Peer 1: 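Here it is, the structure, as structure tokens.
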Amino acid sequence: MTDVDLRTSILRHLTYSLGSDADHATQHDWRIALSLAVRDRLIENWHAASRATRAVGAKRVYYLSMEFLIGRLLEDAIVNLRLEDEAQQALTGLGLDPVAVIQDEPDAALGNGGLGRLAACFMESLSTLGVPAFGYGIRYEHGLFRQSFEEGRQIETAEDWLTQYHAWEFERRDVRFKMCFGGEVVEEGGKPVWHGQEAVMAQAYDTPVIGWRGRWANTLRLWSAQPLHGFDLDRFNRGEYAAAAEPEALARTISRVLYPDDTTEQGKELRLKQEYFFTAASLRDILRRFEAEGGALTDLPKRAAIQLNDTHPAIAGPELVRLLHDEREMPLDQAIATARGCLSYTNHTLMPEALERWSEDLMTSLLPRHMQLIERIDAAHAAEQPSRSVSLTGDGEVRMGELAFVMAHKVNGVSALHTDLMKKTVFAELHRLHPDRIVNETNGVTPRRWLLSANPRLSGLITRTIGEGWVDDLEQLERLEPSLTDPAFLDAYAAAKRANKADLADWLAAEHGVQVDPDAMFDVQIKRIHEYKRQHLNILEAIALWRDIKANPQGNWVPRVKIFAGKAAPGYFFAKEIIRLINDVAAVINSDPETNRYLKVIFLPNYNVSLAERLIPASDLSEQISTAGKEASGTGNMKFALNGAPTIGTLDGANVEIRDRVGARNFFLFGMTADEVEARRAVPEHAAQAIAADPRLSGALMEISRGTFSRRDRHRYRGVVANLSGADYFLVCSDFTAYWDAQRRADAAFADADAWRRMAACNTARSGWFSSDRTIRGYMADIWDVVAVRSGLDE
Ligand SMILES: CCc1ccc([C@H](C)CC(=O)N[C@@H]2O[C@H](CO)[C@@H](O)[C@H](O)[C@H]2O)cc1
């Protein structure tokens, strides 16, 4: 550890690292100086961790993911290094506003949603548990687009986090690999040899991932695409300025931007190039490290557990076989077995349109040797399974889910229901052939970021009540159980929530000019916009509630603020219509003097990790209302429960396990189960039937149709209304009445402050199992067969 106090360290970096002086320093300068000062305090443990790993020859986890939705890093490091008080004093002592300094940092938005954020939570838990691990991904120049609204419509603009100095990464000039694409495979000396036609350099950038108490730190290694050859001076001198810069521009395209789709694969060549680029560079790096540390190649599975975060890195199967068989002469069947011994695959969605299928033509033109190896792997699998009816290819496509499954020794789902559905649907045949391969690892979230850091008021109360052990042993929260009948504790619990809500109300007024009553129920739905997540069911209920309040303004209505946030994939037209509808409804309802003291609707722009950290601690009701069978797990649902926001939700994904643990009385359940959904979908006119049976639903739809929210433009939402009253694939109408009734139950519960605070506190006390530490311990035991290592610096 450095020997000077944080204040001195900050001033030193301001002067000597930034060349700035205290009198003229900008907030940005101070934030960077603080970041460097904090960074100094984790480097040694970072190095000690990799030294300790090498010393004991420990098996490492390699987490391959196209996305890491990290958010901000400075506050996470300060909290994990327990420097909050020292940082607070240093900054206030220097006349700075600590909150403003922290918020100066842009989010690292290198992900779309659940999958990317899970990867970030997992990396933090791996470090907290002291498990040697590398995260591998892409250093996108532009993360997930910035969202703004124009007349209620989503507008996307490029995100540019790297236009400013990034204090948390180190360029590793010595870690670069040449990656090839295209070309052909020729027989040389009786062996197939791939000659790539196009090549780029993969350059590594390392970010330390610190764990709780700073005892251990792992590495997130992100690859940046760079040209093989630098600037073309000859061309420049010939005045061909653009052409001179072209090779660089072309190479950098591969790591230029994150694809903003989170459920529909676009089949774009550049996307496959991105997937191969980072996967192949990561496998080269893994083999380089293994061979540097020595050992027989067939022992690689004893030293490397390679996790594929969905099918996006599934090309790892054929690529590892190529590296072992083509480049290291391992017999093909042995290479396949050795690769399978290392690889395991997590499935995060059952949505057919999200399951990647690359055209064989594209695969053959971009990765000709891999297409050959995929056929060899398919043939080898066929040989093992005479009765099989599964093929890795078909209709001219390569099925990446099947490829990942066949090349993995373990495959997991992300909630009990999802894993069960995987066995019954998308992987039914493969499950029959390999009955022990699928396991469940229900998702989790890191309590450091999502409770300790995001909700200091509640964390302080918990620590004062049961001590601090909960931070890295979250199931200790159940020790709060006795306090659930202690009025003093419940008062303090409710006071913490009320203060968080007051802060949010102030921020909403200051940043968005919206006035809300902090005593109203804050009813929050924040996640990507998608039909299966049913944000349109939520806004339909809001319209019906508004109509009821207008019909009976003297009724004893429970004041409610409905808060929405979330991005739609730019090409997802229907999702964008939902966003526009919610904004249009908000405009009318919020300016309605008869009702706006009882109901407000707010759609906050540019949802990201930092906004989630601001909203979740100030939420009362957690909206988890997806069509049952569609949400693989959800992780926001866990964050809300931990922060004392009971769930209104369906029996979908991890909602099922949340309800089991917090108790049915502390969960507002509604709607069809996954089986009932299948049955209902088969009923002709199921939507029309539901509409006819519920006047509130038909009334709400009629309100939209007659243009109430679109300045009398009756056509604006004709598509939305037609879909809902027609196909309604996600059964919004059929679940509406049950949803309405559940919302009224929530109103009744919220009106009874004592009952509500006990329900909220129950959710916190009984959600400890949803820590990503518990999830990682599951992967360690069921899939990776790895153990934690002590760095010796952590005593
Ligand atoms: C090819 C385009 C694409 C990109 C991302 C994805 C992800 C798998 C979508 C995703 O984020 N899935 C979410 O993963 C979370 C973590 O396991 C789950 O909690 C969510 O239920 C699931 O929707 C699918 C398709």
Side-chain angles (χ1 to χ4, degrees), residues 63-69 109-122 137-138 140 144 258-272 274-275 307-315 345-358 399-401 404 411-419 421-422 426 440-446 526-534 566-572 575 609 612 624-640 649-650 652-658 674 770 772 775-776 778-779:
Y63 201 82
L64 271 57
S65 180
M66 277 284 271
E67 306 184 17
F68 287 93
L69 195 41
L110 307 180
N112 278 285
L115 171 142
R117 182 56 234 178
L118 187 82
C121 283
F122 278 10
I138 295 180
Y140 300 105
L144 188 60
L258 165 76
Y259 268 89
D261 313 288
D262 79 329
T263 44
T264 314
E265 65 112 2
Q266 302 291 333
K268 296 272 188 331
E269 176 177 325
L270 178 58
R271 169 80 179 189
L272 180 55
Q274 290 184 330
E275 294 185 353
Q307 191 68 35
L308 307 180
N309 201 17
D310 216 279
T311 58
H312 312 155
I315 199 71
Y345 152 55
T346 301
N347 172 280
H348 295 268
T349 180
L350 301 177
M351 306 285 279
E353 67 267 28
L355 301 175
E356 293 187 296
R357 291 168 174 234
W358 291 106
R399 299 170 175 150
M400 301 309 274
V411 172
N412 77 283
V414 290
S415 77
L417 174 62
H418 170 64
T419 301
L421 290 172
M422 276 170 65
V426 283
N440 178 52
E441 303 297 347
T442 297
N443 283 164
V445 299
T446 168
I526 49 178
K527 51 188 72 221
R528 287 294 295 252
I529 309 298
H530 199 287
E531 286 164 89
Y532 85 78
K533 294 173 186 282
R534 301 203 290 192
K567 294 172 179 176
Y572 191 174
V609 170
Q624 310 299 333
I625 62 174
S626 53
T627 311
K630 292 298 177 193
E631 190 69 86
S633 164
T635 44
N637 47 7
M638 299 163 184
K639 297 160 188 169
F640 279 108
T650 52
D652 196 17
N655 292 358
V656 176
E657 292 153 89
I658 290 172
F770 296 101
S772 46
T775 310
I776 291 294
Y779 279 83

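Note that the structure is a prediction, hence the values are computed from the model and not measured. Both ligands and their constituent atoms are indexed starting at 1 by order of listing.
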Peer 1: Below 4.0 angstrom from a heavy atom of G634, which ligand 1 atoms are there? Numbered from 1 as shown, please.
Peer 2: 18 (C), 19 (O), 20 (C), 21 (O)

Peer 1: Would a 4.5 Å heavy-atom cut-off, applied to side chains only, mark D652 and L417 as touching?
Peer 2: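 In contact.
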
Peer 1: What atoms in ligand 1 come closer than 4.0 Å to a heavy atom of E631?
Peer 2: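 Listed by number with element, the hits are 20 (C), 21 (O), 22 (C), 23 (O).
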
Peer 1: Side chain, backbone, both or neither: which part of H312 comes within less than 4.0 Å of ligand 1 when only heavy atoms are counted?
Peer 2: side chain

Peer 1: Could you go step by step and tell me if Y572 and E531 meet the side-chain hydrogen bond (donor to acceptor under 3.5 Å, both in side chains) rule?
Peer 2: CA-CA 10 Å; Y572 191 174; E531 286 164 89; 2.5 Å; yes

Peer 1: Enumerate the atoms of ligand 1 whose separation from the nearest heavy atom of A632 is less than 4.0 angstrom.
Peer 2: 21 (O)

Peer 1: Hey, is the main chain of H348 close enough, under 3.5 Å, to the side chain of D310 for a donor-acceptor pair?
Peer 2: yes

Peer 1: Under 4.0 Å from a heavy atom of Y532: give me the atoms of ligand 1 that qualify, with their elements.
Peer 2: 23 (O)

Peer 1: Between K533, H348, K630, which one has a non-hydrogen atom sitting closest to atom 22 (C) of ligand 1?
Peer 2: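 When every heavy atom of K533, H348, K630 is considered, H348 comes closest to atom 22 (C) of ligand 1.
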
Peer 1: What do you reckon, does S633 have a nitrogen or oxygen under 3.5 Å from a nitrogen or oxygen of ligand 1?
Peer 2: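 S633 vs ligand 1: N/O contact under 3.5 Å present.
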
Peer 1: Using a 4.0 Å cut-off to any heavy atom of D261, which atoms of ligand 1 qualify?
Peer 2: 2 (C), 3 (C), 4 (C)

Peer 1: Taking only residues two or more places apart in sequence, or in another chain, which ones meet K630 in a side chain to side chain donor-acceptor pair (under 3.5 Å)?
Peer 2: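 K630 satisfies side chain to side chain donor-acceptor pair (under 3.5 Å) with no other residue.
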
Peer 1: Please step through side-chain contact (heavy atoms from CB on, under 4.5 Å) for the pair R528 and L144, ending with a clear verdict.
Peer 2: CA-CA 12 Å; R528 287 294 295 252; L144 188 60; 4.0 Å; yes

Peer 1: Ignoring hydrogens, just give me the one of N443, N637, V414 whose non-hydrogen atom is nearest atom 16 (C) of ligand 1.
Peer 2: N443

Peer 1: Is any side-chain heavy atom of I776 less than 4.5 Å from a side-chain heavy atom of F122?
Peer 2: yes

Peer 1: Which residue is it: I138, L110, N112? I am looking for the one with a side-chain contact (heavy atoms from CB on, under 4.5 Å) to L258.
Peer 2: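 Of the listed options, the one satisfying the test is N112.
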
Peer 1: Show the atoms of ligand 1 that are less than 4.0 angstrom away from any heavy atom in R271.
Peer 2: 1 (C)

Peer 1: Of all the atoms in ligand 1, which lie at a distance below 4.0 Å from a heavy atom belonging to D310?
Peer 2: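 Those of ligand 1 that fall under 4.0 Å from D310 are 8 (C).
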
Peer 1: Taking atom types as modelled, is there a side-chain donor on T346 or N309 under 3.5 Å from an acceptor on the other?
Peer 2: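 The answer is no; no qualifying pair exists.
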
